[in-house]
J.: 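Shown below is the structure under consideration.
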Amino acid sequence: MNEKPSRRTPKIHDSWLKEIGSEFSKPYMQKLRAFLVDKKSNGVKIFPPSDQIFAALYETSLDDTKVVIIGQDPYHKINQAHGLSFSVNPEINIPPSLVNIYKELEDDLGCKAPTQGFLMSWAKQGVLLLNSILSVEEGKPGSHANKGWEQFTDRLIEVLNNRNDLIFILWGNYAATKGNKIDRKKHLVLKAAHPSPLSSHKGFFGCKHFSKTNNYLIKKGKTPIKWTM
C-alpha cells in the first residue's frame, strides 16, 4: 500500500490530491464549503464528521483502487456515516440495504454474512466506497444534493475512467446514471437494482457481483477481494 500523508487538509491520500487537488480552489467547491460552514454555524448537524467526509479518498488510494462501488449520499442518522458508502461504524446496527448486500454476498460466495456493517476491510483492499454526495443533514436524506458534490465526484469518476481494468459496481438507477460515461471497453461495469428493501427483489438478488468482480480481477492478474470480515 502507498504511504498516506500524515498532515493535510482536507484529509485525502496524496495520489488523489495530485489529480484532483485543484478542484478545491474552484468556485463551485468554495461555494460548497461556504454552504457547509453556514449550516454548521447555525447548529445544523451534518454527517459524516468533517474529518471523515473524504474518508473514501484517504483509506483507498487512487493507485490501489481496483473496484468502485457508487452510493448516493451518507446515512443521515447519528453515528452511522463515516465516509464510506454503505458502511456504518462498528457499533451501529446494520442498515437494511447493507443487510441485503450481505445476503447477496452469502448467496453468491457461500460465505457467512458479517455481523457488523463496518466495511473498512474492503476499502483497505482497493474497494473505493464512493458516495456521489459526501455530506447530509441529520434526518434529511438528499439534503445536500445539487450543492456541488456531484460535480466533484464526477471529476473523481473521470480520473478513474482514465485508468484501465477497474470494476464499477452500480446499484440502482442513480448509480447507473452516475456511471454513464464510464468506458466499457476499458473497464468492467456491473449494474443491478439497488439493494434497498424497496427494490432488491427487482434484480439485485442473484446479480452475483462479488464473484464476477473476483473472476475479473483474477483474469487481469490482480488479487481478488476478500469480501468476508
J.: Can you tell me if Arg33 has over 12 outside heavy atoms packed within less than 6.0 Å of its CZ?
T.: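 Check fails, neighbour count at 12 or below.
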
J.: Only counting residues at least two apart or in another chain, list the ones meeting ring pair (Phe, Tyr, Trp, His ring centres under 6.0 Å) with Phe205.
T.: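 Ring pair (Phe, Tyr, Trp, His ring centres under 6.0 Å) check on Phe205 returns His201.
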
J.: Do you reckon Leu134 sits in the same ILVMFWY cluster as Phe47, going by side-chain contacts under 4.5 Å, direct or chained?
T.: no

J.: Within the 4.5 Å heavy-atom criterion, are Lys212 and Asp108 side-chain neighbours or not?
T.: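 The answer is no; the side chains never approach within 4.5 Å.
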
J.: For His144 and Ile133, work out which heavy atoms get closest and say how close.
T.: O-CG2, 3.5 Å

J.: Can you see which heavy atom on Ser15 is nearest to which on Asp63, and at what distance?
T.: CB-OD2, 3.8 Å

J.: Start with the C-alpha gap between Lys26 and Glu23, add the side-chain angles, then the distance that decides, and say whether salt bridge (Lys or Arg N to Asp or Glu O under 4.0 Å) holds.
T.: CA-CA 5 Å; Lys26 293 183 177 179; Glu23 296 297 306; 2.8 Å; yes

J.: Contact between Ile70 and Ser132 at the side-chain level, heavy atoms closer than 4.5 Å - yes or no?
T.: yes

J.: CG of Leu57 to CZ of Phe152: how many Å apart, nearest 0.5 Å?
T.: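 Between Leu57 CG and Phe152 CZ, I get 5.5 Å after rounding to 0.5 Å.
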
J.: Using the rule that Ile, Leu, Val, Met, Phe, Trp and Tyr join whenever any side-chain heavy atoms are under 4.5 Å apart, tell me whether Ile53 and Ile78 fall into a single cluster.
T.: no

J.: Could you label the plane-to-plane angle of the His187 and Phe168 rings as parallel, tilted or perpendicular, counting under 30° as parallel and over 60° as perpendicular?
T.: perpendicular

J.: Hey, can you pull the donor-acceptor pairs under 3.5 Å for the side chains in residues 221-229, sequence neighbours left out?
T.:
residue	atom	partner	partner atom	Å
Lys222	NZ	Asp165	O	3.1

J.: Give the cluster check for Val67 versus Ile218: same hydrophobic cluster or not, with ILVMFWY residues linked at side-chain heavy-atom distances below 4.5 Å.
T.: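 Val67 does not cluster with Ile218.
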
J.: Looking at Lys40, I want to see if its NZ is surrounded by more than 12 non-hydrogen atoms of other residues, nucleotides or ligands under 6.0 Å.
T.: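 Count over threshold, so yes.
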
J.: Decide yes or no for His82 and Ser87: does some side-chain heavy atom of the first lie under 4.5 Å from some side-chain heavy atom of the second?
T.: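 They are in contact (side-chain heavy atoms under 4.5 Å apart), so the answer is yes.
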
J.: Which heavy-atom pair separates Ser143 from Glu137 by the least distance, and what is that distance?
T.: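 Shortest heavy-atom separation between Ser143 and Glu137 comes out as OG-N, 2.9 Å.
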
J.: Cluster question for you: counting only ILVMFWY and a side-chain heavy-atom cut-off of under 4.5 Å, with indirect links fine, are Tyr75 and Leu198 together?
T.: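 No, because Tyr75 and Leu198 fall into different hydrophobic clusters, even though each may have its own neighbours under 4.5 Å.
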
J.: To the closest 0.5 Å, what do you measure between CZ (Phe86) and CG (Leu98)?
T.: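 Atom-to-atom, Phe86:CZ and Leu98:CG are 8.5 Å apart.
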
J.: Does Lys31 have more than 12 heavy atoms from other residues, nucleotides or ligands lying within 6.0 Å of its NZ?
T.: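 Open: at most 12 neighbouring heavy atoms sit under 6.0 Å from NZ of Lys31.
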
J.: Are any non-hydrogen side-chain atoms of Ile101 and Trp171 less than 4.5 angstrom apart?
T.: yes

J.: What is the minimum heavy-atom distance between Ala81 and Pro49, and which atoms define it?
T.: O-CD, 3.9 Å

J.: Looking at CD of Glu150 and CD of Gln72, how far apart are the two atoms once the value is rounded to the nearest 0.5 Å?
T.: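 So the gap between those two atoms works out to 9.0 Å.
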
J.: To the nearest 0.5 Å, what is the distance between NZ (Lys66) and NZ (Lys220)?
T.: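 Spacing of NZ (Lys66) from NZ (Lys220) equals 14.5 Å.
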
J.: Regarding Thr153 and Lys178, is there a side-chain donor-to-acceptor distance under 3.5 Å anywhere?
T.: yes

J.: Quick check: closest heavy atoms across Ile12 and Leu17, and the distance to 0.1 Å?
T.: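 Heavy-atom minimum between the residues: O-CD1, 3.5 Å.
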
J.: Return yes if a side-chain donor-acceptor contact under 3.5 Å exists between Gln52 and Tyr58, otherwise no.
T.: no

J.: Answer yes or no: is there a side-chain heavy-atom contact under 4.5 Å between Val136 and Trp149?
T.: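 When only atoms from C-beta onward are counted, Trp149 and Val136 do not touch, as no gap falls below 4.5 Å.
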
J.: Quick one: are the ring centres of Tyr102 and Phe210 less than 6.0 Å apart?
T.: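 So the answer is no for these two rings.
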
J.: Decide if atom CG of Asn215 counts as having more than 12 heavy atoms of other residues, nucleotides or ligands within a radius under 6.0 Å.
T.: yes

J.: Is there side-chain contact between Ser211 and Leu109, with heavy atoms separated by less than 4.5 Å?
T.: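 Counting from C-beta outward, Ser211 and Leu109 do come under 4.5 Å.
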
J.: Provide the closest heavy-atom pair for Asp183 versus Asn161 in the form atom of the first, atom of the second, distance.
T.: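 Closest pair (atom of Asp183, atom of Asn161, distance): N-OD1, 2.8 Å.
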
J.: Can you establish whether the number of heavy atoms outside Lys208 located under 6.0 Å from its atom NZ is more than 12?
T.: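 Counting other residues, nucleotides and ligands, NZ of Lys208 exceeds 12 neighbours.
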
